[in-house]
Each structure stands twice: as C-alpha cells, then as structure tokens.
Novice: 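Quick one: the structure is below, and I'll ask about it shortly.
Remember, it's a predicted structure, so these values are computed and weren't measured experimentally. Because only heavy atoms are used, hydrogens play no part in the values below, and waters and symmetry mates are left out as well, while side chains stay in.
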Amino acid sequence: MESTQEIDLAYDVFAKACPSRGTLEHITGRWGGLTLGALHDGSLRFNELRRRVDGVSEKMLSQTLQALERDGLVHREAQPTNPPRVDYELTPLGRGVAERLIGLIQFLEGRMDEVLEARLRYDETRGAR
C-alpha cells in the first residue's frame with residue numbers, strides 16, 4: 001500500500017495535464033474564491049449568494065456553483081416547494097478550502113494599506129495613473 005506522502009505527490013498542479021490545476025482555477029478564480037468565502041458562514045439560497053457576492057451575474061454564479069459542486073466543494077439541495085427552494089452549502093472538503101481562503105482574505109484586508117501604497121509607488125515610478 002502507498003504511503004500518504006506518495007499519494008499526495010501523485011498530483012502536481014504545475015504539470016499541464018494535472019487535474020488539480022482545474023480545481024485550483026475554480027477555487028482561485030474571481031468568482032470561485034468569493035463564492036466559497038461567502039458560503040463559509042453557512043448555507044445560502046441562490047439570490048442571497050448573488051447579493052453577497054456583489055457584481056457576479058446570474059449566469060456566472062450558476063456556472064461557478066456547478067464547477068464547485070462538480071469538484072465536491074459545494075452541496076446543492078433543492079427543496080420540492082412552490083416556488084422551488086435551492087440552498088447551497090460547503091461540503092467538508094469545501095469548508096477546508098474556504099477556511100484557508102478566509103485566512104488569506106483576512107490577511108489581505110488587514111494589509112491593504114501596504115498594497116495601496118505599493119501600487120502608488122509603482123504607478124509614480126512608471127508615470128501611470
């Protein structure tokens with residue numbers, strides 16, 4: 001039987017054909033990360049999620065949720081009510097990913113003054129606005 005370390009090394013996100021690359025793209029893409037972060041606090045209905053992830057279109061949110069569900073990160077539960085009710089929540093795998101993303105989000109939000117200063121310095125040295 002293979003050790004856990006050998007199994008972990010079977011995937012290499014830097015290799016073009018590695019399936020982990022697609023999942024990483026779903027997670028770190030503009031809408032994927034925000035969607036996972038929004039679901040970190042709990043289950044949301046589609047329109048609640050759309051309001052939480054300000055700026056995402058209905059089409060993009062739907063595509064994002066489908067990709068995250070396919071990757072096993074989000075669970076979709078449709079209730080047989082009239083009108084239909086659909087709730088989205090993180091799976092245990094999705095929760096692990098979201099917790100790491102929330103840490104990154106909080107780190108960035110806490111350091112944005114430094115980022116904005118760096119952008120200003122960069123733009124000043126290149127004559128950009």
Novice: Would the distance check show the side chain of R95 and the main-chain N or O of H40 forming a donor-acceptor pair, the cut-off being under 3.5 Å?
Specialist: yes
Novice: For R119, check salt bridge (charged side-chain N to carboxylate O under 4.0 Å, His left out) against everything at least two apart and list the hits.
Specialist: none
Novice: Is L65 reachable from L93 through a run of hydrophobic residues whose side-chain heavy atoms are each under 4.5 Å from the next?
Specialist: yes
Novice: Would you say that L34 contacts V56 through its side chain, given a criterion of any heavy-atom pair below 4.5 Å between the two side chains?
Specialist: no
Novice: Is there a path from Y88 to M60 through hydrophobic residues (I, L, V, M, F, W, Y) whose side chains come within less than 4.5 Å of each other?
Specialist: yes
Novice: Looking only at non-hydrogen atoms, find the nearest pair between E48 and R45 and report the distance.
Specialist: OE1-N, 2.7 Å
Novice: When you measure from the side chain of R21 to the backbone N and O of F14, does any donor-acceptor pair fall under 3.5 Å?
Specialist: yes
Novice: Kindly determine whether V115 and M112 satisfy side-chain contact (heavy atoms from CB on, under 4.5 Å), including the steps that lead there.
Specialist: CA-CA 5 Å; V115 171; M112 275 311 296; 3.9 Å; yes
Novice: For residues D87 and R85, determine if any side-chain heavy atom of one lies less than 4.5 Å from a side-chain heavy atom of the other.
Specialist: yes
Novice: Could you measure the distance from the OG1 atom of T35 to the CZ atom of R52? Nearest 0.5 Å is fine.
Specialist: 11.0 Å
Novice: Grab the two heavy atoms, one from A38 and one from L44, that are nearest each other, plus how far apart they are.
Specialist: O-CD1, 3.8 Å
Novice: Are L101 and L49 linked, directly or through intermediate hydrophobic residues, by side-chain heavy-atom contacts shorter than 4.5 Å (ILVMFWY only)?
Specialist: yes
Novice: Answer yes or no: is there a donor N or O on one side and an acceptor on the other, between the side chain of E114 and the main chain of R111, under 3.5 Å?
Specialist: no
Novice: From T23 OG1 over to L68 CG, what is the distance, rounded to the nearest 0.5 angstrom?
Specialist: 9.5 Å
Novice: Measure the spacing between CG of L73 and CG of L90 and express it to the nearest 0.5 Å.
Specialist: 8.0 Å
Novice: If we only count heavy atoms from C-beta on, is the L36 to V74 side-chain gap below 4.5 Å?
Specialist: yes
Novice: Output all residues satisfying side chain to side chain contact (heavy atoms under 4.5 Å, CB included) with L108, sequence neighbours left out; order by chain, then residue number.
Specialist: L104
Novice: Grab the two heavy atoms, one from S20 and one from Y11, that are nearest each other, plus how far apart they are.
Specialist: OG-CB, 4.4 Å
Novice: Can you tell me how far OG1 of T125 sits from CG of L120, rounded to the nearest 0.5 angstrom?
Specialist: 10.0 Å
Novice: Should V86 and L39 be counted in the same cluster of Ile, Leu, Val, Met, Phe, Trp and Tyr side chains packed under 4.5 Å apart?
Specialist: yes
Novice: Distance check, rounded to the nearest 0.5 Å: S62 atom OG versus W31 atom CH2?
Specialist: 14.0 Å
